[in-house]
Amino acid sequence: MTTRRYSEEIGGPRHSVRLGLLIACRVADKYRRRLPTFQELMDDFGMHRATAYRWRATLAEARGISTNSSTPGENTHG
């Protein structure tokens, strides 16, 4: 019997949804009072850089936080 290969684009195995929800809860719990940097997400959860940027943007959107800088020179991506 051959093993089916999955990718994130087509959905992946059923447990991946639960895993994503678990990670989302852990990220929200760890960073209750502030928006994490992409580097913190990479270090704490083993994410790739692009994935960390997506998670950070999603967390900011869910909390109603603007990631656009109003301070000149401020790095809004971490």
Side-chain angles (χ1 to χ4, degrees):
M1 183 172 168
T2 61
T3 304
R4 292 185 65 186
R5 296 187 183 263
Y6 295 94
S7 70
E8 292 180 28
E9 292 80 19
I10 61 171
R14 290 181 186 206
H15 73 276
S16 67
V17 173
R18 284 184 259 154
L19 181 60
L21 183 57
L22 177 64
I23 293 170
C25 290
R26 288 182 177 172
V27 169
D29 186 50
K30 182 165 182 146
Y31 300 105
R32 290 180 183 199
R33 304 213 188 314
R34 66 182 180 85
L35 190 62
T37 65
F38 75 90
Q39 188 65 50
E40 288 173 321
L41 292 172
M42 290 170 56
D43 294 343
D44 295 342
F45 298 97
M47 295 179 182
H48 291 281
R49 184 180 177 107
T51 303
Y53 272 109
R54 285 193 302 272
W55 276 81
R56 185 177 189 274
T58 300
L59 185 59
E61 183 180 348
R63 292 182 176 176
I65 299 171
S66 172
T67 56
N68 294 331
S69 174
S70 59
T71 306
E74 181 182 346
N75 182 357
T76 59
H77 295 289

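Predicted model only: the values in this text are computed from it and were never measured. Numbers here simply count residues along the sequence, with the first being 1.
In this structure, the side chain of Thr58 engages the main chain of Arg54 through a donor-acceptor pair within 3.5 Å.
In this structure, Gln39 CD and Arg56 CZ are separated by 12.0 Å, a value rounded to the nearest 0.5 Å. Note that CE of Met42 and CZ of Arg49 are 6.5 Å apart. Values are rounded to the nearest 0.5 Å.
Phe38 is not listed as a side-chain neighbour of Asp43, based on a closest heavy-atom distance of 4.5 Å or more. Side chains of Glu40 and Arg34 form a contact here, defined as non-hydrogen atoms less than 4.5 Å apart. Side chains of Tyr53 and Leu41 form no contact here, defined as non-hydrogen atoms less than 4.5 Å apart.
Between Leu59 and Pro36, the closest heavy-atom pair is CD2-CD, 3.5 Å.
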Distance-only donor-acceptor pairs under 3.5 Å for side chains of residues 21-29, two or more places apart:
residue : atom : partner : partner atom : Å
Asp29   : OD1  : Arg32   : NE           : 2.8
Asp29   : OD1  : Arg32   : NH2          : 2.3

